[in-house]
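A short worksheet on the structure shown next.
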Amino acid sequence: MRHAIIEMYMGDSTIRHLCTKRCGTATAISPENWCIRSPFLGGDRSMIISVVCIFKFIHSVIWVPWKTQVYFRKQGISGPNYRPIFGNTPEYRRLFSEVRSKPMPFNHDIVHRVAPFYCEWSRKYGKTFLYWFGTKPTLAISDPDMIKEVLMNTGDGSFQKARNNPLAKLLFGQGLNGLDGEEWALHRRIANQAFMIERVKCWVPEIVESITKMLIKWEEIRGGGDEFEIDVHGELQNFTSDVIAKTAFGSNYEEGKRIFLLQDQHKYLAYQALGNVYIPGFRFLPTKKNRERWRFDRETREAIRNLIKNNNSERENSRNLLSLLMSSYKNQEGEEEKLGIEEIINECKTFYFSGKESTADLLTWALLLLALHQEWQNKAREEVFSIFGENESIAAEKLNDLKIVNSILCETQRLYPPVVMLPRQTSKNVKLGALDVPAGTHFYLALPSVHHDPDIWGKDANEFNPLRFNEPRNHLASFFPFGIGPRMCVDPLSKDFKLKGALCGGFVFKAMEFLSGCTVNPTLNCRRFISRVYAYYDVSNMIHTLGE
Ligand code: HEM
C-alpha cells in the first residue's frame, strides 16, 4: 500500500530506489507489480500523460496558429508572422512605447498614436490583415461594410463579444459588457427599461447641480484672477462620477462615491492584466496583485449589497438607477423579469466603469477643441443663449434643439472617440464579406482609422469641422463612437442629453482658451493598457478665463 501511495506521486526509478532503501525489495517489485498496485498512474501512464500534454501544447501553440495563418493567406490576407506563445504582442507593445516616447506636435492626426500597430501593419499588409495577440488570431478590419456586419451580428449570431481576460473580468466583465446569449438579452431588456429616455430626462436637475458645484469650485480656485490652473480631465472625472453616483444611488450617493473609489483602485490592476497574455489558472494564485483584486471586488460587492438593502426600504417612488434595476418588468410575452441581487451588483459596477471615463474623456476633448476654436465656441454660446436665454434654467425638452452643440460633440467624438476597442470573436466558422473566417477568430475593428479616413471624410479628415455633420452620413459604420447594433451603448443620456446638458449648463457660457503653445498628446494610455484616447497635458491644464 505504501508503495502504491508513493508511486502515485513519483516516477519509476524513484520508487525502485525508495523500496531498496526501506525493505530491500527492489528486485521483487517489477514494473508489472507497480501497475497492479497503482492502477491509476503507473510509469507508462505518466509517460502517456506527458506525451499527450506535449502534443496538446504543440497542437495549440504551433499547429493550429500555423494552419490558421495559412488558411487566411490562401484568401489573400497576410500579416506579421506568428511567433509561438506570445504571437506579435512584443512588437505590438514596442510600437506603442516608440510612439509614446516621441513628443507630438498638436494636431488631430491621432491614429498613429492611438493604434500604431494598425498603421504599421496596414501599411505593410493592407487594410485587412491578421495579427496575433498571444495565440489568438486577430483580424484587423476597417471596411465599414465588414464592421457593420460584425457589429450588427448578421452572421446568424456568430459574432460574439470577445471573452475578457479573467483577471480583468472581476472588474467589468460580469455585467452587460461581458455577457452573451440569453443572459445578456435579459440584462439588456432590463437596462433598456431603466434607461428609458423619459426616466433619464428626470436626471437633468442632478446633472445641472453637479455642473454648478464644479463651476463654483473653479471660480474659487480662480479667486478673481485672470488665469488659473486646473486639472481639467481630473475635474471632469470627478464630475462624471458625481453624476453617476447621484443618478445610480440617489440619496445614498456619498456611499456610492466610496464604492467608485474602490473601483478606481481596482481599475489599474485590471488594465495591467489586459496588457499581458493571460496564463490559464493564474487568477487563482494568491499573488499580491491577485489578493488585492479579490479584496477590491469583495469590498465593492459588500458595499453595493448594503446599498441595495437600504434602497429596499426607501423604494417607493424612487427614480434612481438602482431602484429601476431592482424593479421587475414585463417582457414581450407578458412575463415578469427581474434581476437577482448579484446581477444588480454586477450591473452597478458595469455602469460606473462604462460611463465615467468615456464621458469625462469626451467632455475634456470637447472643451479643448472649443478652446482652440473660438469661432465655434461663440456659435455654440449664441445657440445656447437663443434657446435657453441667458439666465434660464435648462429644460430637458429643449436640449434636442441644440443643433450646433450636437455637431460639435459629434465632431469631437469623430476625432477623439472615447472608446476605441469593440472586442468581438467568432463562435463558429462564418462568412464575412468574401472571407471565410474560422471559429475563434478575434476582431480589431479599426474605429479610430475609420473616423479619420480621408476616403470617407474627405481631404480635411484630420481637421475640426463640425459642419460636416450637417450632411447625412453615407454609411452607418463610418461613425460609431457608441457602437452600432444590438450591443450599442445602453445610455441614451450620453448620446443626447448629458453632454449637451453639461456643455450648455456651464462650459459654453464661459469663454475659455488654453494657453497658446501648449502640447497635448492624445495617445492610447498604454501604461494601463486602457483602450481610450487619453490626454497627456504638458501645460495644457491651464485655462484662461477671459473675464465675462
Ligand atoms: C461619451 C460617453 C460614452 C461612450 C463614447 C460610450 C461608448 C460605448 C460603446 C462604443 C459601446 C459598445 C461597445 C461594444 O460594442 O463592444 C458601449 C457599450 C456600453 N455602454 Fe457606453 N459609452 C458612453 C457612456 C456610457 C454611460 C454613461 C453608461 C452607463 C452609465 C454606459 C454604459 C454602457 C454599457 C452597459 C454598455 C454595454 C452594452 C451591451 O453590451 O449591451 N456608457 N458604450
Side-chain angles (χ1 to χ4, degrees), residues 147-148 150-153 159-164 172-192 194-195 199-200 203 206-207 210 236-237 239-249 256 260 263 320-322 324-325 339 343-344 346-366 406 409-410 412-425 442-445 447-448 450-451 477 479-503 531-533:
I147 290 178
K148 183 174 151 205
V150 172
L151 289 180
M152 300 300 285
N153 202 2
F159 298 104
Q160 292 181 335
K161 211 61 196 256
R163 253 165 257 125
N164 277 309
F172 51 74
Q174 294 158 304
L176 262 178
N177 257 322
L179 298 177
D180 252 313
E182 209 15 70
E183 206 183 351
W184 168 80
L186 168 68
H187 282 235
R188 181 77 199 209
R189 281 195 295 271
I190 289 181
N192 285 346
F195 278 103
R199 295 206 166 104
V200 165
W203 294 335
E206 272 103 337
I207 297 169
S210 297
L236 289 173
Q237 291 211 29
F239 160 69
T240 47
S241 62
D242 208 55
V243 170
I244 299 177
K246 270 189 194 140
T247 50
F249 301 121
F260 295 160
Q263 292 248 87
N320 65 44
L321 187 58
L322 188 56
L324 296 171
L325 286 175
L339 295 181
E343 292 170 314
I344 295 173
N346 289 338
E347 290 311 340
C348 286
K349 290 175 73 187
T350 304
F351 292 145
Y352 175 69
F353 173 80
S354 311
K356 184 191 149 191
E357 281 192 37
S358 49
T359 312
D361 288 356
L362 174 53
L363 288 175
T364 307
W365 286 115
N406 190 44
L409 290 169
C410 287
T412 307
Q413 296 189 88
R414 185 185 70 81
L415 290 170
Y416 299 99
V419 175
V420 293
M421 288 278 185
L422 284 70
R424 294 290 186 278
Q425 71 181 82
H442 289 242
F443 292 92
Y444 169 71
L445 311 177
L447 186 152
V450 174
H451 279 199
F479 177 68
F480 53 109
F482 293 104
I484 48 173
R487 311 242 18 180
M488 188 182 180
C489 184
V490 80
D491 178 22
L493 256 187
S494 54
K495 280 168 266 176
D496 272 323
F497 289 91
K498 183 162 52 190
L499 299 168
K500 290 174 186 173
L503 279 174
S531 51
R532 288 167 197 282
V533 180

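Heavy atoms only: backbone and side chains are in, while hydrogens, waters and symmetry mates are out. Just so you know, ligand 1 is whichever comes first in the structure, and atom 1 is the first atom listed for that ligand.
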Numbered atoms of ligand 1 (with element) below 4.0 Å of [X], judged on heavy atoms:
X      : answer
Leu422 : 14 (C), 15 (O), 16 (O)
Trp184 : 39 (C), 40 (O), 41 (O)
Gly483 : 10 (C)
Asn177 : 36 (C), 37 (C)
Leu362 : 1 (C)

Between ligand 1 and Lys161, can you find any atom pair, the residue atom being a heavy atom, that is separated by under 4.0 Å? yes
Best match, [options]: closest heavy atom to [atom]:
atom                    : options                        : value
atom 30 (C) of ligand 1 : Phe351, Phe480, Tyr352, Phe482 : Phe351
atom 3 (C) of ligand 1  : Ser354, Cys348, Ser358         : Ser358
atom 18 (C) of ligand 1 : Cys489, Pro418, Gly178         : Cys489
atom 16 (O) of ligand 1 : Arg424, Arg188, Lys356         : Arg424

Check: Phe351 main-chain N/O paired with Ser354 side-chain donor or acceptor under 3.5 Å: no
Any sub-3.5 Å donor-acceptor pair from Arg487's side-chain atoms to Leu176's backbone N or O?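 Checked: pair present.
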Students often mix this up, so state it plainly: with edges at 30° and 60°, are the rings of Tyr416 and Trp365 parallel, tilted or perpendicular? parallel
For His451, ring pair (Phe, Tyr, Trp, His ring centres under 6.0 Å) partners two or more places apart: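 So His451 forms a ring pair (Phe, Tyr, Trp, His ring centres under 6.0 Å) with Phe479, Phe480.
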Distance-only side-chain donor-acceptor flag, Gln263 / Lys349, under 3.5 Å: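 On atom types as modelled, these side chains do not qualify, holding no pair under 3.5 Å.
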Can we say Asp242 and Lys356 salt-bridge, meaning some charged N sits less than 4.0 Å from an Asp/Glu carboxylate O? no
Not counting sequence neighbours, which residues clear salt bridge (charged side-chain N to carboxylate O under 4.0 Å, His left out) with Glu206? List them please. Arg319
